[in-house]
Each structure stands twice: as C-alpha cells, then as structure tokens.
Amino acid sequence: MKKSAVSVLDGLFCRYPVLEECRDSVTAAFETLVGAYRAGGKVLVCGNGGSASDAEHIVGELLKKFKRHRDIPSSVAAKLRPELVAELEGSLPAVSLVSMSGIITAFANDVAWETVFAQQTLGLARPGDVLITLSTSGNSANCVAAAEVMKAVGGKSIAFTGADPSRLSEVCDVAIRVPEKETYKVQELHLPVYHALCAAVEEEMFGDA
C-alpha cells in the first residue's frame, strides 16, 4: 500500500476514533477494491433508500476525480483531440445498480423486488469484479441475493452494515460493521468510511509511487 493511501485511511480513524474497531475490515475492503481494479475489474454498488443514495455517491467518486488529478490512459489520449483530453479524468469503473430504472421496475413488476439487484449482478458481473452492498440492518433481501450471485460468478463482495451480525456479514467476503444500530446513525458512519476508501483507492491507483 502506498504511503499516501495509508495516510488517508489513518486519517479516517484519527477523525472518527469510534471506527477504530473497523480498521481491519476497512483495510480488507481497500485491498479487495485495489485487487479488482489492478486486474481490470469493476465495482457494482447497491442499496435501498438512503443507502441507494450512498450507492450513487460512491460510484460518482470512483468514476471521476475525487481528491487528486487523474490522467487518462495514454493509449486513449493519443487518439483524442487535445482539447477533449484536457476535459477528461482518469476513471475507476463502477456501476450503480440503483440507477437503472428500466430494468429495476420491469424486473420488480414481472418477477420480484427481492432479486432485482441479483438479476443485474448476474448480467453485469464477471469473475474478479466486486459488489458493494449497503444495508443498515445487513439483512436487505435484495442485497443479500446480489451478494450470493456475485460469489457464484466468481466475484467478491463488501458489505456496509450496522454493528449486529447479519445475513450480509455472513455471505460477503468483507463486512464493515460500523458501531451503531439506529438507521441514520449507521448511515452517518458509512459516509466517512466510503469516502476514505474512495480516496485511498484513488491514491493507490493514480498517486505517485
């Protein structure tokens, strides 16, 4: 891990001492994400309600610059107009499953809401990809089903949940169980964690050696 990425994660625990107990799982999530990106994979993200907004937020931070400059691949830049290159940023492939209103409403209406994220995961995921699920209870059926599918296709999954053990903490490769139980308090702690992860991954993938 680059020193700049270490600094980002250390900064998270300095600002939010209550999250110190999550250090190992946050570090494991970082390593999982970097491993996927280094292998040419992508990240899928899902959640419900406020966690759906968090899913969109995470994808936004990954697809464009978060804290530092990101060069686009030189092989791509060489084929583009210089003025277009100047207005593009390096990207970390990520897909928000909650934003696809067509497939979400069609599948939920025709089949079941509980498996709508699982259907999207089945269609989009490839071995080596990562699924991030956000569920304050850790028991959201549609997130659990998506994690089960991700494992079946050869990918890995990261869960953001509250403090209690849950179905997601059982099925996912990494479970970040923040030390709160009330919904809004759990979500308040999810945000600084995923911000730190996005910043640390950006440092690892685009920062200086």
Side-chain angles (χ1 to χ4, degrees), residues 19 21-39 41-59 62 92-100 103-104 107-108 111-183 185-187 189-194 196-198 200-201:
L19 290 170
E21 66 184 74
C22 300
R23 181 181 287 269
D24 288 348
S25 58
V26 171
T27 301
F30 166 83
E31 293 170 348
T32 299
L33 292 167
V34 169
Y37 280 132
R38 283 180 173 160
K42 63 182 176 295
V43 172
L44 310 179
V45 195
C46 64
N48 297 284
S51 295
S53 297
D54 287 327
E56 294 273 18
H57 192 159
I58 291 169
V59 170
L62 294 172
L92 294 167
V95 179
S96 169
L97 300 183
V98 307
S99 65
M100 302 181 189
I103 180 60
I104 287 173
F107 199 82
V111 185
W113 173 250
E114 289 77 8
T115 49
V116 66
F117 295 148
Q119 180 64 35
Q120 291 168 282
T121 301
L122 181 64
L124 294 171
R126 298 295 179 265
D129 287 348
V130 175
L131 172 73
I132 296 176
T133 65
L134 301 107
S135 169
T136 58
S137 69
N139 295 310
S140 300
N142 51 11
C143 291
V144 173
E148 291 173 334
V149 170
M150 179 58 87
K151 180 172 290 188
V153 302
K156 293 186 177 182
S157 54
I158 299 167
F160 281 71
T161 73
D164 291 334
S166 64
R167 293 175 67 194
L168 279 176
S169 65
E170 292 174 359
V171 73
C172 290
D173 299 279
V174 179
I176 301 173
R177 294 164 50 187
V178 300
E180 286 289 355
K181 297 185 179 183
E182 196 169 358
T183 296
K185 293 180 181 179
V186 173
Q187 291 172 333
L189 291 180
H190 281 177
L191 188 147
V193 173
Y194 67 68
L197 281 172
C198 289
V201 171

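When a residue number appears, it is its place in the shown sequence, counting from 1.
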Minimum heavy-atom distance [X]-[Y], with the two atoms named:
| X | Y | result |
| --- | --- | --- |
| Ser169 | Arg177 | CB-CD, 4.2 Å |
| Leu97 | Thr121 | CD1-OG1, 3.7 Å |
| Leu131 | Val45 | CD1-N, 4.5 Å |
| Ala147 | Val171 | CB-CG1, 3.7 Å |
| Gly138 | Thr161 | CA-CG2, 3.7 Å |
| Gly47 | Cys143 | CA-SG, 4.1 Å |

How long is the straight-line distance from [atom2] of [Y] back to [atom1] of [X], given to the nearest 0.5 Å?
| X | Y | atom1 | atom2 | answer |
| --- | --- | --- | --- | --- |
| Asn142 | Ser135 | CG | OG | 8.5 Å |
| Phe160 | Cys22 | CZ | SG | 10.0 Å |
| Arg38 | Glu31 | CZ | CD | 10.0 Å |
| Glu21 | Ile176 | CD | CD1 | 12.5 Å |
| Leu134 | Asn48 | CG | CG | 10.0 Å |
| Cys46 | Ile132 | SG | CD1 | 9.5 Å |

* Mind running side chain to side chain contact (heavy atoms under 4.5 Å, CB included) on Met150 and Leu44 for me, showing each step along the way? => CA-CA 10 Å; Met150 179 58 87; Leu44 310 179; 4.0 Å; yes
* Have a look at Phe117 and tell me which of Val144, Thr133, Val98, Leu122 forms a side-chain contact (heavy atoms from CB on, under 4.5 Å) with it. => Val98
Does the side chain of [X] reach to within under 4.5 Å of the side chain of [Y], using non-hydrogen atoms?
| X | Y | result |
| --- | --- | --- |
| Val130 | Asp173 | no |
| Tyr194 | Val26 | no |
| Val34 | Tyr37 | no |
| Pro179 | Leu189 | yes |
| Val178 | Leu19 | yes |

* Apply side chain to side chain donor-acceptor pair (under 3.5 Å) to Asp164 and list each qualifying residue two or more places apart in sequence or on a separate chain. => Lys181
* To do: Kindly write out the residues that satisfy side chain to side chain donor-acceptor pair (under 3.5 Å) with Ser157, not counting sequence neighbours, or none if the list is empty.
  =>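 For Ser157 there are no side chain to side chain donor-acceptor pair (under 3.5 Å) partners, ignoring immediate neighbours.
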* Chi angles and distances behind the side chain to side chain contact (heavy atoms under 4.5 Å, CB included) call for His57, Leu191 -> CA-CA 9 Å; His57 192 159; Leu191 188 147; 4.2 Å; yes
* To do: If a pair satisfies salt bridge (Lys or Arg N to Asp or Glu O under 4.0 Å) and one of its residues is in residues 124-139, list it, with sequence neighbours excluded.
  => Lys42-Asp129
* Asked: Step by step, would you call Val43 with Leu92 a side chain to side chain contact (heavy atoms under 4.5 Å, CB included)?
  -> CA-CA 8 Å; Val43 172; Leu92 294 167; over 6 Å; no
* May I have the step-by-step check of side chain to side chain contact (heavy atoms under 4.5 Å, CB included) for Met100 and Ile103, ending in yes or no? => CA-CA 6 Å; Met100 302 181 189; Ile103 180 60; 3.5 Å; yes
